Asker: 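If you scroll down you'll find the structure; I have some questions about it.
Since the structure is predicted, the reported quantities are computational estimates derived from the model, not experimental observations. Atoms within a ligand are numbered from 1 in the order they appear, just like the ligands themselves.
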Amino acid sequence: MLRVGILTSGGDCQGLNAAIRAVGKALYLEFGKDVEIYGLRDGYKGLITGDVWKMTPNDFSGIINLGGTILGTSREPYKLLISGTPEAKEKIEGMKSTYKKLKLDCLVILGGNGTHKTANLLSELGMHVITLPKTIDNDLWGTDVTFGFQSAVAVAANVLDSIHTTATSHGRVFIVEIMGHKVGWLTLYAGIAGSANAILLPEIPYDTKVLARMIDKRSKNGKRFSIIAIAEGAMSKDEAKLNKREFRSKREQQAYPSVAYQLADELGQLTGHEVRVAVPGHIQRGGSPCPYDRVLATRFGAAAAKLIADKNWGNMVGMRDGVIVPVPLKEVAGKLKTVPLDNDVIQTARDIGITFGDK
Ligand code: F6P
C-alpha cells in the first residue's frame, strides 16, 4: 500500500484545487486500491498537530474550477521553525511524528517560497517530499511559471480596465497597487494587459519627478487621465539607497498605509492633479483559476504522481522552456526569481512608450 500525505501551505491562489485533483486522479489511476491519500489540514499546521483525514476519490472530483484550497492553508514561518526555541523543536518533532504515525511513503506539498524552504528542511530530515509551485507572485526559482500567476494577472488587468472608465470621467490620476511581494512579475504583466501608462516594479526604483513629467505631458496632449500600476514592493530611487533598517524606519515614520499612498501624496503635490489610489489586495488571489492555470496545475499535478511512482523524491515539479521537469528542492529553497532587468517584456513595454519611472 502506497500512503501519500498532501498539504497546501502559505498564501492561497487559484489553481490549488486543480493541482490537488490532478495528483489524486493520476495516483488512483496508477495505483487503484493500492494507494491511500491523506489530506493534512491548514498546511504544515496539519502535519504538526496530526490534523488529517483519509481522502476518497470523490474528494478530487468537481474541483478544477474551484478557487482557494479544499485542504485549507496557513502560514508557518520557516524562520520561526528553525529558530531552535522549544516551541520550534516541538513543531518539528510533531511533523516527524505525524509522518511516522501515518506510515507515509511521501508528502506532496503545494506552496510558494516560504513553503519550499520548509519542504527542503523536511526532505533533509529524511522525509520523501515532492512539491508543486504555486503563487500569484511567480517568484519561485527553478520554474518559468507558477500556477495562480495568470489568474491573478487577469484579475489585476480587469481592475486596471475598470479604473480607466472612472479615471477618464473625472480626469484623474489613478495609482493601482498590485500584489507580488518583493517582485514585479504580476505588476509587469497586468500593467501591460491593463494598459497602464506607468509600471513601477521593485526591480526598477522610480523617480517621482519622472512620473510627474509623464502626467503633465499626457495632460498637455489632451489626455484627461493617467494610470500607474505600482507593485506593493516598489520603492523610489532615494529609498533604494537606504539599508533595510533605514528603509523600514523611513516608511514607519511616514506612516502611509502602503507605497501607493506615499506616491499619491507626492504626485498630488508635484503636479496639482487629483490623484486616487485603488488597492485590489486579496481579490487578486480569489475566484476561479483561468483556463491556463487549470491546465498548468493539471500538468504539474500529474507529473507529481509520476515522480511518486518513480520514487524520485526531493524534487519540485517545474516548467522550463515549456517542458515539465523535476527540479531538486535543495536548488529551489531560499532563492527568489525576480524580473531580470533585460527581460524582453520590460523592453516591449518601453517600446510602446510605457514608463518604468526610472528615466
Ligand atoms: O505571496 C502571495 C501574496 O499574495 C503576496 O503577493 C502578498 O504580499 C502576500 O501574499 C499577502 O499575504 P497575506 O495573505 O498573508 O496577507
Side-chain angles (χ1 to χ4, degrees), residues 7-17 19 42-45 67-69 71-81 109-119 131-143 145-160 175-191 193-194 199-203 229-235 244 247-248 251 256-263 277-290 293 296-297 300 316 332-339:
L7 67 87
T8 52
S9 171
D12 71 345
C13 71
Q14 304 92 331
L16 280 167
N17 289 324
D42 297 340
Y44 289 120
K45 210 176 260 172
T69 161
L71 299 171
T73 188
S74 63
R75 292 198 189 275
E76 193 66 54
Y78 172 75
K79 236 189 193 169
L80 296 183
L81 273 182
I109 298 175
L110 291 72
N113 267 312
T115 301
H116 274 77
K117 289 188 222 165
T118 304
T131 66
L132 300 183
K134 69 89 219 184
T135 165
I136 64 165
D137 304 338
N138 194 33
D139 61 351
L140 254 173
W141 191 90
T143 185
V145 66
T146 57
F147 58 84
F149 173 62
Q150 287 295 345
S151 304
V153 168
V155 176
N158 195 28
V159 170
L160 287 162
I175 302 179
V176 179
E177 186 176 289
I178 294 174
M179 274 187 169
H181 200 41
K182 292 180 181 161
V183 307
W185 293 106
L186 190 50
T187 308
L188 176 61
Y189 277 72
I199 296 177
L200 307 182
L201 311 179
E203 293 85 348
I230 187 168
E232 62 182 353
M235 61 183 80
K244 250 189 192 171
F247 175 76
R248 211 175 303 133
R251 286 279 174 100
Y256 290 107
S258 65
V259 65
Y261 291 89
Q262 171 181 312
L263 180 62
V277 171
V279 183
H282 291 78
I283 293 168
Q284 293 161 99
R285 287 197 339 222
S288 261
C290 65
D293 276 339
L296 181 67
F300 281 163
M316 175 185 85
V332 175
K335 284 190 211 149
L336 197 63
K337 186 184 71 186
T338 55
V339 183

Asker: Heavy atom under 4.0 Å from ligand 1: found in Ile136's side chain, backbone, both, or neither?
Answerer: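 Ile136 to ligand 1: side-chain contact only, backbone stays beyond 4.0 Å.
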Asker: Within this structure, what is the CH2-CD1 distance for the pair Trp185 and Ile178, rounded to the nearest 0.5 Å?
Answerer: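 Here the rounded value is 15.5 Å.
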Asker: What is the closest protein heavy atom to atom 6 (O) of ligand 1, and at what distance does it sit?
Answerer: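 Nearest protein contact, heavy atoms only, for atom 6 (O) of ligand 1 is Asp137 OD1, 2.7 Å.
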Asker: With a cut-off of 4.0 Å, which atoms of ligand 1 are near a heavy atom of His282?
Answerer: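 Checking each atom against His282, I get 13 (P), 14 (O), 16 (O).
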Asker: Using a 4.0 Å cut-off to any heavy atom of Gly180, which atoms of ligand 1 qualify?
Answerer: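 Numbered from 1, ligand 1 contributes 6 (O).
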Asker: Taking only residues two or more places apart in sequence, or in another chain, which ones meet Glu76 in a salt bridge (Lys or Arg N to Asp or Glu O under 4.0 Å)?
Answerer: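 Once residues adjacent in sequence are excluded, the partners of Glu76 under the salt bridge (Lys or Arg N to Asp or Glu O under 4.0 Å) criterion are Lys91.
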Asker: Do Val153 and Leu186 come within less than 4.5 Å of each other through their side chains, counting heavy atoms only?
Answerer: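 The answer is yes; the side chains approach within 4.5 Å.
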Asker: To which protein heavy atom is atom 15 (O) of ligand 1 closest, and what is the distance rounded to 0.1 Å?
Answerer: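 Atom 15 (O) of ligand 1 sits closest to the protein heavy atom Arg75 NE, 2.8 Å.
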Asker: Counting N and O atoms only, with roles assigned by atom type, does the side chain of Ser9 sit under 3.5 Å from a partner on the main chain of Thr115, one being a donor and the other an acceptor?
Answerer: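 Pair absent, no side-chain N/O of Ser9 close to backbone of Thr115.
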Asker: Quick test of your reading of the structure: of His181, Arg285, Lys134, whose heavy atom lies closest to atom 3 (C) of ligand 1?
Answerer: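 Among His181, Arg285, Lys134, the closest heavy atom to atom 3 (C) of ligand 1 belongs to Arg285.
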Asker: Which atoms of ligand 1 sit under 4.0 Å from any heavy atom of Glu232?
Answerer: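 Counting atoms of ligand 1 from 1, those under 4.0 Å from Glu232 are 5 (C), 6 (O), 7 (C), 8 (O).
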Asker: Would you mind telling me which of Asp139, Asn113, Asp137, Asn138 makes a side chain to side chain donor-acceptor pair (under 3.5 Å) with Lys337?
Answerer: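 Among the candidates, only Asn138 passes.
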Asker: Between Tyr44 and Ala119 (side chain of the first, backbone of the second, donor and acceptor by atom type, cut-off under 3.5 Å), is there such a pair?
Answerer: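 Checking the backbone N and O of Ala119 against the side chain of Tyr44, a donor-acceptor pair under 3.5 Å is found.
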